[in-house]
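Numbers here simply count residues along the sequence, with the first being 1. We count ligands from 1, going down the list as the structure has it; atoms in each ligand are counted the same way.
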Amino acid sequence: MKTAKIGIIGGSGLYKMEALKDVEEIEVSTPFGSPSDNLIMGNLAGNSVVFLARHGRNHTLLPSEVPYRANIYAMKKLGVKYIISASAVGSLKAEAKPLDMVVPDQFIDRTKNRISTFFGEGIVAHIAFADPVCHQLAQVLIDAIASLNLTDVTLHKSGTYVCMEGPAFSTKAESHLYRSWDATVIGMTNLPEAKLAREAEIAYATLALVTDYDCWHPDHDSVTVDMIIANLHRNATNAQKVIQETVKRLSDRPFVSDAHSALKYAILTQLDKAPQATKQKLELLLQKYL
Ligand SMILES: CSC[C@H]1O[C@H](OP(=O)(O)O)[C@H](O)[C@@H]1O
Ligand SMILES: Nc1ncnc2[nH]cnc12
């Protein structure tokens, strides 16, 4: 099987990478079911990468329906060590305007219906998640964005991403509440992905692309899909430039992330006493520790 060290998860508006060459579509099976879509292996400016459309290439999966575990497991199976996630977000701060880019360094979990762990069924692990984003990968992303001088785009080098359940957008009371928490952006997908990537010992960072001001801003209409779509296209074009530049930089200077050994001190269960079936199911994640 072909492998790639760099995985890209494309969110709303980013269903394919136009610059990807020598493309091969791979159907990956996992113990957690099928991923959102086939994974697309290819060559991006001379580097092997694998791309996955988070909601499927035709955007058929709700944020709550995205098979996050299968997606991350499939990336792991293909040898991925770094995931660059691209996501559409609403802005919770006046200074983060539509078309801006934010590289979040924190998350707040407001999801309700997500399974955000590979563990259970006899094997217990608690990964450290105080710093949910790989800061080295975030820095590569930041440097890539800064180097491109994109028109009409301000880069916000840090920020807190609120992950809500959806699919309905927030109420005004919720939006104001998140602002009172000093959160920067809001979306519906990144938190389970970041947790699972950490459990899979994959470095993870997000390129958050602002599409709207959610519903708190007195001078802007409350968010609708129409409004988001108006900005998704430009955001997707910019995102592809940023991802390509990030991939180049990452391939030139790969690094070891703390995320790559996240399970080292996380597993509580004595693995020699753990159920065989669970060990088998999680072998890909546990093999270093068995
Ligand atoms: C496009 S409206 C809301 C939808 O967009 C974001 O998706 P993604 O994070 O995959 O870019 C948001 O999380 C919602 O799923
Ligand atoms: N305002 C918003 N709330 C949640 N997810 C979003 N994705 C894009 N804009 C959003």
Side-chain angles (χ1 to χ4, degrees), residues 7-17 35-37 51-68 71-72 83-94 96-104 107-114 116 132-133 159-179 181 183-197 204-217 220-240 242-243:
I8 301 157
I9 301 184
S12 299
L14 186 61
Y15 306 109
K16 68 185 284 205
M17 292 288 298
S36 299
D37 204 325
F51 175 85
L52 175 63
R54 179 182 289 121
H55 303 273
R57 69 189 71 185
N58 298 317
H59 207 129
T60 44
L61 297 166
L62 288 168
S64 317
E65 292 174 330
V66 171
Y68 296 97
N71 290 353
I72 298 298
I83 290 179
I84 305 162
S85 144
S87 266
V89 292
S91 169
L92 297 167
K93 289 199 187 273
K97 58 187 195 312
L99 304 184
D100 280 2
M101 295 184 181
V102 181
V103 180
F107 290 108
I108 293 175
D109 192 358
R110 290 273 299 165
T111 64
K112 299 179 174 76
N113 291 319
R114 314 276 173 97
S116 305
V133 167
T160 298
Y161 173 121
V162 176
C163 190
M164 60 178 291
E165 185 63 44
F169 292 115
S170 305
T171 64
K172 286 184 177 155
E174 287 164 337
S175 200
H176 286 295
L177 177 70
Y178 305 146
R179 277 173 53 72
W181 292 348
T184 315
V185 291
I186 182 158
M188 304 179 188
T189 61
N190 270 227
L191 190 116
E193 222 167 70
K195 278 190 181 157
L196 291 161
Y204 181 93
T206 291
L207 170 62
L209 302 134
V210 178
T211 49
D212 55 271
Y213 274 116
D214 201 37
C215 58
W216 61 270
H217 202 302
H220 291 266
D221 288 340
S222 296
V223 58
T224 60
V225 164
D226 259 27
M227 186 188 287
I228 289 179
I229 287 172
N231 291 323
L232 274 185
H233 188 69
R234 274 182 81 183
N235 277 351
T237 305
N238 285 339
Q240 291 184 69
V242 169
I243 291 168

If you count the atoms of ligand 1 from 1 in the order shown, which ones are under 4.0 Å from a heavy atom of [X]?
X: Gly187; value: 13 (O)
X: His55; value: 7 (O), 8 (P), 10 (O), 15 (O)
X: Ile228; value: 1 (C), 2 (S)

Nearest protein heavy atom with distance in Å, relative to [atom]:
atom: atom 10 (C) of ligand 2; value: Gly90 N, 3.4 Å
atom: atom 7 (O) of ligand 1; value: Ser12 OG, 2.9 Å
atom: atom 3 (C) of ligand 1; value: Phe169 CE2, 4.1 Å
atom: atom 8 (P) of ligand 1; value: Arg54 NH1, 3.4 Å
atom: atom 9 (O) of ligand 1; value: Thr189 OG1, 2.6 Å

Going by the atom numbers of ligand 2, which of them fall below 4.0 Å from some non-hydrogen atom of [X]?
X: Ala88; answer: 7 (N), 8 (C)
X: Thr211; answer: 8 (C), 9 (N)
X: Asp214; answer: 1 (N), 2 (C), 3 (N)
X: Met188; answer: 4 (C), 5 (N)
X: Met164; answer: 4 (C)
X: Ile228; answer: 8 (C), 9 (N)

Using a 4.5 Å cut-off on heavy atoms from C-beta on, say whether the side chain of [Y] contacts that of [X].
X: Ile228; Y: Phe169; result: yes
X: Thr211; Y: Leu232; result: yes
X: Leu177; Y: Trp216; result: no
X: Thr160; Y: Tyr178; result: no
X: Ser175; Y: Ser222; result: no

Which one holds for Pro63 and ligand 1: side chain close, backbone close, both close, or neither close, with close meaning a heavy atom under 4.0 Å?
side chain
Which is it for Met188 and ligand 1 at heavy atoms under 4.0 Å: side chain, backbone, both or neither?
both
Taking distance alone, with N or O pairs closer than 3.5 Å, would you say Ala88 contacts ligand 1?
yes
Backbone, side chain, both or neither: what part of Ile186 comes under 4.0 angstrom of ligand 2, heavy atoms only?
both
Please work out, at 4.0 Å between heavy atoms, whether the side chain, the backbone, both, or neither of Asp212 comes within that distance of ligand 2.
side chain
Anything under 30° is parallel, anything over 60° is perpendicular, the rest tilted; go ahead and classify His217 against His220.
perpendicular
Aromatic plane relationship, Tyr15 with His59 - under 30° parallel, 30 to 60° tilted, over 60° perpendicular:
perpendicular
Does the pair Asp109/Arg114 count as a salt bridge with the N-to-O cut at 4.0 Å?
no
What's the spacing between [X] [atom1] and [Y] [atom2] if we round to 0.5 Å?
X: His176; Y: Cys215; atom1: NE2; atom2: SG; result: 7.0 Å
X: Leu209; Y: Ser87; atom1: CG; atom2: OG; result: 8.0 Å
X: Glu193; Y: Tyr204; atom1: CD; atom2: OH; result: 3.5 Å
X: Arg179; Y: Asp214; atom1: CZ; atom2: CG; result: 10.0 Å

